[in-house]
Amino acid sequence: MNISDRAGFDTRAIHAGQAFDPTTGAVIPPVYLTSTYVQDGIGGLREGYEYSRGGNPTRTGLETQLAALEGGIRALSFASGLAAEDALLRTALAPGGHVVVGNDVYGGTHRLIRRVHGAWGVRHSTVDMSDLDAVRAAIEPGVTKVLWVETPSNPLMKISDVAALAALGREAGALVVVDNTFASPALQQPIALGADVVVHSTTKYLGGHSDVVGGALVFAPGQDELAEQVTFTQFAAGAISAPFDAFLTTRGIKTLGIRMQRHSENALAIALRLEGHAGIEQVFYPGLESHPGHELAARQMSGFGGMISISLSGGAEAARRFAESTSVFQLAESLGGVESLVNYPSEMTHASVRGTEAEVPESVVRLSVGIEDVADLLADIDGALARL
């Protein structure tokens, strides 16, 4: 089935890269659990497949699906989100290069840039990416190669102006990379706003069921050369997603649109309940009119997503007590699954950035709001607040 780029989002999510099996007519394409492929004579490859590190039909299907959803020319599927980030950074940077990265980002991203690529001679500046003047001041002309943007950011839900940052990047000759994990392509389209590359932890909303780890890169039109270079890096270094992992991710993506609607509805209801509570110092959710990035988020997103962070009035002690007092919200790393999770970033997902510019306050708790019945989620939150 050939799916037009003009088809609706949910149609592309279900059908792009997912043609039925021509031999049997099976609606779901087979999972190609193979490491190698028979050749029709030396060098006679069938559909270009030689060895599964270089390509696998199940992975190709996922990559086609991802590119169709983000409006890209090509996508690459990796073993994890950090593997995707590393392949891109290794390709785009060299010793002496410079990255501008947000002061509120996933701890693993900051650690990768600071400790792994820093040891290689890459420098970085950590700034508030929602402050365009700060970003402009941090750019070193001719030296800055990457602007690394998370919006909404993790965990404080800052909203950055993708179009404005893309303009700054073009002016400086820097690559503008947007981590779209929190919003997903169902709610935000960074390439349409001017981004050069979109990165995902597909473990999160794309997979959506907490049963697979993966990552992806999607390249904007005009980034053909970079896409080829990163494809080589992936092939040479080997950080590919396995066929069954690709299948699980593809299956999750097919319900992404409808899941993100429910995530967003539930999260807004919880954010409204939390706002103004005596035990809560601040609610970080762009769907609230009180959020400083609300108007920008409303312009560049079609929904506000399922992630909320809160700062507890009682500081670290109250935050820890809250995180350990829920029952429907389960205490765990990660996010974006159908089930609700609660996380204490300072000692969990962001422990690696303590003592840096990206340190998360100890009073902050992060909620990944699932798609359960909202009444049950509200009751769980109310119960945890009552135990403060």
Give a yes-or-no answer on whether the side chains of Y205 and N180 include a donor-acceptor pair shorter than 3.5 Å.
no
Is the backbone of A216 close enough, under 3.5 Å, to the side chain of T202 for a donor and an acceptor to pair up by distance?
no
Is the shortest heavy-atom distance from the side chain of T60 to the side chain of E47 under 4.5 Å?
no
For a side-chain hydrogen bond (donor to acceptor under 3.5 Å, both in side chains) check, start with the C-alpha distance between S290 and E275, then their side-chain angles and the critical distance, and finish with the verdict.
CA-CA 9 Å; S290 59; E275 192 173 39; 2.5 Å; yes
Does the S153 side chain pair with the main chain of E150, one donor and one acceptor, at a distance under 3.5 Å?
no
Will you find, in the side chains of R321 and S325, an N or O donor that is under 3.5 Å from an N or O acceptor?
no
Looking only at side-chain N and O atoms, does E339 offer a donor or acceptor that is under 3.5 Å from a partner on S210?
yes
Considering only heavy atoms from C-beta outward, does the side chain of R366 approach that of N154 to under 4.5 Å?
yes
Would you say the ring centroid of H291 lies under 6.0 angstrom from that of F304?
no
Is the count of non-hydrogen atoms from other residues, nucleotides or ligands lying under 6.0 Å from E171 atom CD greater than 12?
no
Hydrophobic cluster identity match, V218 and V199, side-chain contacts under 4.5 Å:
no
Which word best sums up how the rings of F244 and F247 line up, parallel for under 30°, tilted for 30 to 60°, or perpendicular for over 60°?
tilted
Do V360 and M157 share a hydrophobic cluster, counting only Ile, Leu, Val, Met, Phe, Trp and Tyr and linking them when any side-chain heavy atoms are less than 4.5 Å apart?
yes
Between M129 and L147, the two heavy atoms sitting closest are CE-CB, 4.4 Å
Nearest heavy-atom pair of R74 and A67: which atoms, and what distance?
C-CB, 4.1 Å
Give the minimum heavy-atom separation between L367 and I270, together with the two atoms involved.
CD1-CG2, 4.5 Å
Given side chains that start at C-beta, do those of P190 and E70 come closer than 4.5 Å, heavy atoms only?
yes
For the CG atom of L93 and the NE2 atom of H98, what is their distance to the nearest 0.5 Å?
10.5 Å
In terms of heavy-atom contacts, does CD of Q39 have more than 12 from other residues, nucleotides or ligands at under 6.0 Å?
yes
L385, V342: one ILVMFWY side-chain cluster at the under-4.5 Å cut-off?
yes
So, S313 side chain and A278 main chain: donor-acceptor pair closer than 3.5 Å or not?
yes
Would the distance check show the side chain of N103 and the main-chain N or O of E357 forming a donor-acceptor pair, the cut-off being under 3.5 Å?
no
Distance col, row S184:OG vs R259:CZ, nearest 0.5 angstrom, shows 8.0 Å
Least distance between heavy atoms, A84 atom then G215 atom
CB-C, 4.2 Å
Could you give me the CA-CA distance, side-chain angles and deciding distance for E265 and V374, then say whether side chain to side chain contact (heavy atoms under 4.5 Å, CB included) is met?
CA-CA 9 Å; E265 292 168 1; V374 70; over 6 Å; no
Taking a hydrophobic cluster as the set of Ile, Leu, Val, Met, Phe, Trp and Tyr residues connected by side-chain heavy atoms closer than 4.5 Å, whether directly or through intermediates, do V365 and V328 fall within one such cluster?
yes
Do the side chain of R59 and the main chain of R53 share a donor and acceptor less than 3.5 angstrom apart?
yes
The reported gap from CD1 in I381 to CD1 in I280 (rounded to nearest 0.5 angstrom) is 8.5 Å
Output yes when D179 and K204 qualify as a salt bridge under the 4.0 Å nitrogen-oxygen rule, no when they do not.
no
Using a 3.5 Å distance criterion without hydrogens, assess whether the side chain of Q65 forms a donor-acceptor pair with backbone atoms of A13.
yes
Value for CG (N266) from CD1 (I371), rounded to nearest 0.5 Å, stands at 8.5 Å
Can you check whether F9 reaches P185 side chain to side chain, under 4.5 Å on heavy atoms?
yes
Report yes or no: does T58 contribute a side-chain atom to a donor-acceptor pair with the main-chain N or O of Y32 at less than 3.5 Å?
yes
I want to check something: taking the side chain as every heavy atom from C-beta on, are L76 and E63 in contact at a cut-off of under 4.5 Å?
yes
Which heavy-atom pair separates S160 from V149 by the least distance, and what is that distance?
CB-CG1, 3.9 Å
Starting from the C-alpha separation in whole Å, work towards a yes-or-no answer on side-chain hydrogen bond (donor to acceptor under 3.5 Å, both in side chains) for T181 and Y106.
CA-CA 10 Å; T181 297; Y106 168 52; over 6 Å; no
So do the side chains of L226 and L88 get within less than 4.5 Å of each other, counting heavy atoms only?
yes
Heavy atoms from other residues, nucleotides or ligands near CD1 of I258 exceed 12 (cutoff 6.0 Å):
no
Can we say E362 and R320 salt-bridge, meaning some charged N sits less than 4.0 Å from an Asp/Glu carboxylate O?
no
Side chains of S311 and Q282: any donor to acceptor distance under 3.5 Å?
no
Within a strict 4.5 Å, meaning less than it, do heavy atoms of the H117 and L112 side chains meet?
yes
Hey, what do you get for CD (Q188) to CE (M301), rounding to the nearest 0.5 Å?
5.0 Å
Test S368 against every option in M307, Q330, H263 by the side-chain contact (heavy atoms from CB on, under 4.5 Å) rule and name the one that passes.
M307
Report the distance from atom CG of L165 to atom CZ of R136, rounding to the nearest 0.5 Å.
9.5 Å
Cation over ring, R387 on F322, under 6.0 Å and within 45°?
no
Kindly determine whether Q300 and T151 satisfy side chain to side chain contact (heavy atoms under 4.5 Å, CB included), including the steps that lead there.
CA-CA 10 Å; Q300 71 182 20; T151 184; 3.7 Å; yes
Could you tell me which non-hydrogen atom of T144 sits nearest to which non-hydrogen atom of A138, and how far apart they are?
OG1-O, 4.2 Å
Determine whether the aromatic ring centres of residues H110 and H124 are separated by less than 6.0 angstrom.
yes
Do the side chain of S363 and the main chain of G315 share a donor and acceptor less than 3.5 angstrom apart?
no
So I191 and P221, do their side chains get closer than 4.5 Å, heavy atoms only?
yes
Are I253 and V213 connected in a single hydrophobic cluster, I mean Ile/Leu/Val/Met/Phe/Trp/Tyr linked by side-chain heavy atoms less than 4.5 Å apart?
no
For the side chain of Y285 and the backbone of G305, is there at least one donor-acceptor N/O pair under 3.5 Å apart?
yes
Steps toward side chain to side chain contact (heavy atoms under 4.5 Å, CB included) verdict (L335, N343)
CA-CA 9 Å; L335 59 100; N343 172 272; over 6 Å; no
Aromatic centroids of F232 and F235 separated by under 6.0 Å
no
Side chain to side chain contact (heavy atoms under 4.5 Å, CB included) assessment of H209 paired with L248:
CA-CA 9 Å; H209 293 78; L248 287 174; over 6 Å; no
Between the side chains of S241 and S77, does any donor sit under 3.5 Å from an acceptor?
yes
Looking at D196 and V177, would you say the former's side chain and the latter's main chain have a donor-acceptor pair under 3.5 Å?
no
